[in-house]
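By convention in this document, chain letters (A, B, ...) are assigned in the order of the sequence lines, proteins followed by strands, and residues within each chain are numbered from 1.
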2 protein chains.
Amino acid sequence: MTYRLPSLNSLRAFEAAARHLSFKTAASELGVTAGAVSQQVKKLEASLGIALFRRLPHGLLLTHEGEAYLPPITKVFADLTAATEAIAPEINSRKFRVGMSSAARDKLPADWPNGSGGLRNHIRDWVETGDVELLRTDEIDCLIRPGGGPYGDLALIIIPDSGGAQALHFVCKPGLADCRQARAIVQDLTRNIAPAR
Amino acid sequence: MTYRLPSLNSLRAFEAAARHLSFKTAASELGVTAGAVSQQVKKLEASLGIALFRRLPHGLLLTHEGEAYLPPITKVFADLTAATEAIAPEINSRKFRVGMSSAARDKLPADWPNGSGGLRNHIRDWVETGDVELLRTDEIDCLIRPGGGPYGDLALIIIPDSGGAQALHFVCKPGLADCRQARAIVQDLTRNIAPAR
DNA sequence: GCGCAGGGATAGAATTTCTCGCCCTCGGCG
DNA sequence: CGCCGAGGGCGAGAAATTCTATCCCTGCGC
């Protein structure tokens, strides 16, 4: 019953890097720097005693072993996610609390987000604010503003204005940037963005 | 593709504690202190937002959720181990280098370990030594002596002398104490131990 | 030749994890 | 009834791990 395993952090780094074939892209997915990913992967390779990547001067390639390792590792993470969601649904299906500045509000339909059918499943409520600090204190999950920044280590998704003039900024913690809720909201914003009334 | 997961360390702590229904036993399996396991489990519970254990004044009980969580988590670790062994067989099937003091040697059959059929699959070679330091420097994987100590943070398995007088000590790093090789050797020692010639 | 993108190494900072010491509760036992 | 041991909780500080920030090098495109 004793398992002798490499550390999860290393494995996550490997999994992301192998999927993207890039330390840099993996790093941004994980919300850390490329150096950190590189180190974790190196550590993993050392602990396994085998090379998982071939470092080419211009990018990465999986070795034979790396190629064999990736699918089961991806599956393990998926299983883990599934098991975790099963007992703690909160973690991924919790609805977002949205912060929105009044300027951003003006660029969206008057009844947003209530008017947008599907969004009700992803948004719990919203408050009028432009304060990035509320993201850091977890009082809101994402913030919609008509630009601004800098946002430090927060993730930013820019929603281009269909009219051409000004875009919207969707800001959240890096780990939240790619989750279901964020994607749904961003997609909806993209559809509903409108020139100032 | 972004997974939001609790840390592997927490999960390992939970898995071991849930299997043993004891932080203390889990701690010794993992080679850390009970406090560390307790903290990791608490951290996991906090990150999931649910209680996994009921702490009774005299021991642990799994909550309903903990009960549901354990089997998939155990499976995940098993899968991970399998996948890792598949590409890096070294990690678990490497043969042991055994250290043995001359006194211990005298309590075993003259041709041990070569005489014991199955052991060839688990032992690479052996050297005559009683030096615990060689364990720490990884020059040997386990050490067999006719008693002694203290061994600090090393794991000790006592093999009782069938004659009744004196036992043998099997010493190794905590992480190795429960692996296939160690179990095979300990079992064989138990069978073959004999009073001094 | 130059700029840029992507990786590698390293040192130091930041965070996480572990240990240690002490507290509390409970059960068994003299 | 008092004492002891087992098991867990908590907090401070130490130790280990991980991350960042830099600077370097290589190869590509212009």
Side-chain angles (χ1 to χ4, degrees), chain A residues 4-48 51-63 66 136 138 150-155 173-175, chain B residues 4-48 51-63 66 136 138 150-155 173-175:
Chain A
R4 314 195 58 223
L5 293 172
S7 84
L8 175 70
N9 279 349
S10 316
L11 286 169
R12 274 201 89 168
F14 163 71
E15 203 270 343
R19 242 185 311 112
H20 296 299
L21 287 181
S22 157
F23 289 162
K24 197 173 189 184
T25 319
S28 90
E29 170 177 319
L30 299 173
V32 298
T33 62
V37 174
S38 163
Q39 283 178 20
Q40 288 296 316
V41 169
K42 191 154 25 128
K43 189 182 128 196
L44 175 63
E45 293 180 315
S47 90
L48 296 177
L52 296 167
F53 289 103
R54 291 176 52 202
R55 276 86 167 168
L56 304 182
H58 240 272
L60 291 179
L61 231 50
L62 281 166
T63 60
R136 300 217 162 80
D138 281 325
Y151 302 113
D153 57 350
L154 296 167
K173 289 197 174 177
Chain B
R4 315 196 58 225
L5 294 172
S7 85
L8 175 68
N9 279 350
S10 316
L11 287 169
R12 274 202 89 170
F14 162 71
E15 203 270 342
R19 241 183 313 112
H20 294 120
L21 287 181
S22 157
F23 289 163
K24 196 172 190 187
T25 319
S28 91
E29 169 178 319
L30 298 174
V32 296
T33 61
V37 174
S38 163
Q39 283 178 21
Q40 287 296 314
V41 169
K42 192 155 23 128
K43 190 182 128 196
L44 176 62
E45 293 179 315
S47 90
L48 295 178
L52 297 166
F53 289 103
R54 291 177 51 204
R55 277 86 167 168
L56 305 181
H58 240 275
L60 291 179
L61 231 50
L62 281 166
T63 60
R136 300 217 162 79
D138 280 326
Y151 301 114
D153 57 349
L154 295 167
K173 291 196 174 178

Sugar-phosphate only, base, or nothing, as touched by A:Leu60 at under 4.0 Å among non-hydrogen atoms: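 If one applies the 4.0 Å heavy-atom cut-off, A:Leu60 turns out to touch the sugar-phosphate alone, with no base involved.
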
Distance in angstrom units between [X] [atom1] and [N] [atom2], rounded:
X: B:Glu45; N: D:dC10; atom1: CD; atom2: P; answer: 11 Å
X: B:Arg12; N: C:dT17; atom1: CZ; atom2: P; answer: 14 Å
X: B:Phe53; N: D:dG7; atom1: CZ; atom2: C1'; answer: 14 Å
X: A:Arg54; N: C:dG8; atom1: CZ; atom2: P; answer: 13 Å
X: A:Leu56; N: C:dG8; atom1: CG; atom2: P; answer: 10 Å

Partner residues of [X] under the side chain to side chain contact (heavy atoms under 4.5 Å, CB included) criterion, sequence neighbours left out:
X: A:Ser38; result: A:Phe23
X: B:Thr63; result: B:Ala51, B:Arg54, B:Glu65
X: A:Gln39; result: none

Find out whether [X] and [Y] are in side-chain contact, i.e. whether some heavy atom of one side chain is under 4.5 Å from a heavy atom of the other.
X: B:Leu11; Y: B:Leu44; answer: yes
X: B:Leu61; Y: B:Phe53; answer: no
X: B:Gln40; Y: B:Lys43; answer: yes

Contact state string [nucleotides 13-30 of chain D, B base, S sugar-phosphate only, - no protein heavy atom under 4.0 Å]: -----SBB------B---

For nucleotides 12-14 of chain C, print each protein N/O atom paired with a nucleotide N/O atom at under 3.5 Å, atom names and distance only.
none

side-chain hydrogen bond (donor to acceptor under 3.5 Å, both in side chains) against A:Thr25, all qualifying residues, sequence neighbours excluded: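 Checked A:Thr25 against side-chain hydrogen bond (donor to acceptor under 3.5 Å, both in side chains); matches are A:Ser22.
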
Contact under 4.0 Å: A:Lys42 side-chain N or O vs C:dG7 OP1/OP2: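 So the side chain of A:Lys42 is outside the cut-off, no N or O lying under 4.0 Å from OP1 or OP2 of C:dG7.
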
D:dG7 phosphate, OP1 or OP2, under 4.0 Å from B:Arg55 side-chain N/O: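 No.
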
Separation between CG of B:Leu52 and CG of B:Leu60, rounded to the nearest 0.5 Å: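 Reported value, rounded in 0.5 Å steps: 11.0 Å.
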
Stepwise side chain to side chain contact (heavy atoms under 4.5 Å, CB included) test for A:Val32 and A:Val37: CA-CA 8 Å; A:Val32 298; A:Val37 174; 3.9 Å; yes

